[in-house]
Number of protein chains: 2
Amino acid sequence: MGTKTVKTIEDIAKLANVSKSTVSRALNDSSLINPETKNRIKAIAEEHNFCMNLPARNLSRRQSCTVGFVTHSHQCGFTVEDMFGLEIMSAIGSGLDVLGYDLLLIHMKPRDNSWAHQYFDSGRVDGFIMMKTGRGHAYSKLLSEMNAPFIIWGVPEPEINGCTVTGDNLSGGILATEHLIRIGRKKIAFLGGPEYDLEAQLRQKGYETAMRNAGRKIEPDLMVNGDYYLESGKTGMQQLLEKTPDVDAVFVCGDVMAIGAIEVIQKSGRRVPEDVAVVGYDDLAIATYNNLPITTVRQNIQMSGKLLAQNLVQSIKTGVVTHVTVPVELVVRKSA
Amino acid sequence: MGTKTVKTIEDIAKLANVSKSTVSRALNDSSLINPETKNRIKAIAEEHNFCMNLPARNLSRRQSCTVGFVTHSHQCGFTVEDMFGLEIMSAIGSGLDVLGYDLLLIHMKPRDNSWAHQYFDSGRVDGFIMMKTGRGHAYSKLLSEMNAPFIIWGVPEPEINGCTVTGDNLSGGILATEHLIRIGRKKIAFLGGPEYDLEAQLRQKGYETAMRNAGRKIEPDLMVNGDYYLESGKTGMQQLLEKTPDVDAVFVCGDVMAIGAIEVIQKSGRRVPEDVAVVGYDDLAIATYNNLPITTVRQNIQMSGKLLAQNLVQSIKTGVVTHVTVPVELVVRKSA
DNA sequence: CTTTAATCTGCAACCGGTTGCAGGCCGGTC
DNA sequence: GACCGGCCTGCAACCGGTTGCAGATTAAAG
């Protein structure tokens with residue numbers, strides 16, 4: 001539509017008095033074409049600011065140059081777990097951009113496994129990116145059965161045979177805990193994630209490592225599990241305060257829970273960070289914009305997105321399966 | 001790849017002993033095909049859980065069944081303006097899903113206008129969705145020049161000739177202000193957006209309307225402008241407190257600014273909401289998770305996303321240009 | 001029993017690119 | 001002058017669908 005008259009390589013071919021194939025080769029920088037001819041053709045294309053029809057090209061090449069970002073659409077709208085996903089999605093987008101790939105959003109419904117076929121077998125996408133989820137195993141199995149390249153943000157697990165990229169949870173745990181030790185806290189608690197969660201396990205291991213390195217004892221009473229949601233941050237903190245009233249610091253495995261924890265601490269009449277210091281994890285937007293900006297462990301989202309993009313594309317092209325760990329850093333704000 | 005042997009309609013055609021075209025028609029529910037044949041073919045397709053190659057279909061039909069969500073990638077990563085965009089994107093995704101359209105992320109670089117051609121002329125997408133931006137005009141002009149259907153989240157402006165969907169900013173302003181009046185506040189201030197911003201203007205008009213309806217005077221000293229960023233929330237509130245120390249309520253045009261405002265209020269020794277009640281706007285995640293959950297005006301993101309999807313697709317198919325206003329609601333939390 | 005129409009199916013062209021292969025043109029060599 | 005090889009270019013098939021049109025079949029009408 002519009003006023004454009006030069007829409008296909010055939011149009012260009014006519015203008016240049018060559019064949020369609022020559023134009024195709026010229027625009028693809030094939031070495032078969034005489035440099036002069038090539039430049040002439042390119043100039044014509046440029047002049048009419050020609051844009052090749054990518055779907056057609058992709059059909060020919062039997063690829064889509066598109067990857068699907070799988071979102072587990074919660075019926076109830078958003079959870080903050082998604083917030084991290086959303087932030088990383090943007091980073092993936094720019095990462096793919098430079099590789100010539102596009103990012104397609106895939107909305108999968110709760111108990112619907114058809115999305116994989118829908119998008120892969122139909123040639124819509126060449127591979128998938130997903131956030132680690134409880135269902136990770138199932139999906140990963142599904143995808144590898146159909147030979148679909150995919151990459152997961154999360155800790156690699158033996159059952160999952162696709163690429164992974166994950167933050168350095170162990171170092172993150174250490175950084176957070178060491179910070180609390182450094183600022184002179186004596187009773188440092190740990191508010192973790194679900195038991196089965198590998199990331200949380202590593203963060204916990206980091207906590208324990210830092211404690212041991214500092215010659216501290218690891219007391220079970222100083223450790224509780226949460227589930228990353230606000231409520232569990234509150235109840236978890238409640239328990240910690242009851243078991244150990246003189247706790248003076250807590251490393252919380254997620255920013256949202258940290259917010260819950262801070263609320264409970266303040267309600268109990270204690271001040272943050274004076275009485276109890278709090279370190280979160282993830283550096284979500286809410287950590288910055290919180291009333292009391294939260295000291296937290298930042299996952300390098302830009303780099304992670306880029307790596308997710310690069311490694312997935314690599315895997316699509318070569319079949320190589322990679323696992324990467326991305327460094328994290330501590331961001332000191334007001335809460336500790 | 002994989003074990004699948006039935007990949008194309010031609011394969012199905014062989015199995016069913018019919019021609020390729022018959023299969024195509026059958027799977028598309030063409031009325032030309034004998035119901036019996038149709039069912040037989042569908043059964044075969046089902047049995048081999050066949051997935052049609054969509055790029056090929058789309059090439060044939062000269063459409064992509066994909067729309068691009070244009071994100072203005074800030075060099076510096078994320079702004080909270082994006083947060084709203086991200087939340088709505090997900091809603092758009094599900095809205096498009098039921099219409100059989102896909103959502104593609106488009107990352108446009110700061111001063112690069114080629115994205116429009118890149119994606120539209122190349123047949124990658126059939127239309128665009130964008131958040132209102134300062135550059136709205138330029139982009140909108142670009143898009144209409146190339147006859148590309150698009151829809152914008154934002155207040156319709158004469159220069160922009162594409163579809164729009166926007167929250168009911170006027171009612172939002174009224175709701176927020178009436179709430180503050182209802183809870184008995186005497187000196188209600190308004191912390192607005194940038195002057196040129198139409199949404200902010202309407203919210204302000206809502207504020208003024210509610211004030212007048214309640215028989216209140218509109219005092220310039222009670223009104224300042226912000227720019228939606230945290231810092232401007234702080235400085236704006238600072239000014240208000242200086243000009244009118246006995247201000248006891250403020251309607252802030254954005255949640256992020258509201259957080260800044262709350263901080264300044266508390267720092268000044270006043271309590272929220274006892275001394276100064278605060279109502280925000282947008283109901284971002286940070287409003288819920290804020291240490292002091294914010295009373296705010298919620299844009300119906302789910303509905304908005306759906307409408308953006310529906311109206312854009314309608315516009316792609318028929319060329320109709322629509323403008324929609326989506327109702328908003330007041331969410332009362334702790335800050336007012 | 002023919003004519004006509006309605007119903008169904010297949011052929012082949014087409015969407016806009018890519019690519020294997022054949023062939024034209026050129027200069028160099030024997 | 002004939003032969004050979006390298007460098008370009010074009011033909012035509014192909015990717016996997018859609019669709020206009022023609023033709024076959026059958027039923028209904030005359």
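A, B, ... follow the sequence lines: proteins, then strands. Residue 1 opens every chain.
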Measure from [atom1] on [X] to [atom2] on [N] and round the result to the nearest Å.
X: A:R40; N: D:dT9; atom1: CZ; atom2: C1'; result: 12 Å
X: B:L32; N: D:dG23; atom1: CG; atom2: P; result: 17 Å
X: B:N34; N: D:dA27; atom1: CG; atom2: C1'; result: 14 Å
X: B:E10; N: D:dA13; atom1: CD; atom2: C1'; result: 14 Å
X: B:L54; N: D:dC15; atom1: CG; atom2: P; result: 18 Å
X: A:R124; N: D:dG17; atom1: CZ; atom2: C1'; result: 14 Å
X: A:R61; N: C:dG20; atom1: CZ; atom2: P; result: 12 Å
X: B:K14; N: C:dG10; atom1: NZ; atom2: C1'; result: 16 Å

Presence of donor-acceptor pair under 3.5 Å, side chain of [X] and base of [N]:
X: A:K20; N: C:dG16; value: no
X: B:T22; N: C:dC8; value: no
X: B:K7; N: D:dG16; value: no

Could you tell me whether a side-chain N or O of [X] sits under 3.5 Å from a main-chain N or O of [Y], the two making a donor and an acceptor?
X: A:R124; Y: B:P55; answer: no
X: A:D126; Y: A:Q63; answer: no
X: A:S122; Y: A:Q118; answer: yes
X: B:T66; Y: B:D102; answer: no

Of B:P55 and B:S21, whose nearest nucleotide on DNA chain D comes first from the 5' end?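 Counting from the 5' end, the first nearest nucleotide belongs to B:P55.
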
If you assign each of B:A56 and B:R25 to its closest nucleotide in DNA chain C, which residue comes earlier from the 5' end?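 So the residue in question is B:R25.
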
Of B:R62 and B:T37, the one whose closest DNA chain C nucleotide lies more 5':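 Nearer the 5' end of the strand: B:T37.
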
Is there a side-chain contact between [X] and the phosphate of [N], meaning an N or O under 4.0 Å from OP1 or OP2?
X: A:N28; N: C:dT18; result: yes
X: B:S60; N: C:dC15; result: no
X: B:S24; N: D:dT18; result: yes

Which of the following nucleotides, [options], is nearest to the side chain of [X]?
X: A:M52; options: D:dT19, C:dG17, D:dT9; result: C:dG17
X: B:F50; options: D:dG17, C:dG10, C:dT18; result: D:dG17
X: A:L59; options: C:dT9, C:dG10, D:dG16; result: D:dG16

Heavy atoms only, 4.0 Å cut-off, all strands: where does A:T8 land among base, sugar-phosphate and nothing?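 Here A:T8 touches the backbone only, sparing every base.
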
What contact category does A:N58 fall into here, base, sugar-phosphate, or nothing, at under 4.0 angstrom with non-hydrogen atoms?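 Here A:N58 touches no strand at all.
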
With a 6.0 Å cut-off (strictly less than), is the heavy-atom count around NZ of B:K38, excluding the residue itself, greater than 12?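 Yes, the 6.0 Å shell around NZ holds more than 12 heavy atoms from other groups.
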
Quick check on ring-ring contact (aromatic ring centres under 6.0 Å, His included): which of B:W115, B:F128, B:F150 does B:Y139 satisfy it with?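 By the ring-ring contact (aromatic ring centres under 6.0 Å, His included) criterion, B:Y139 pairs with just one of B:W115, B:F128, B:F150: B:W115.
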
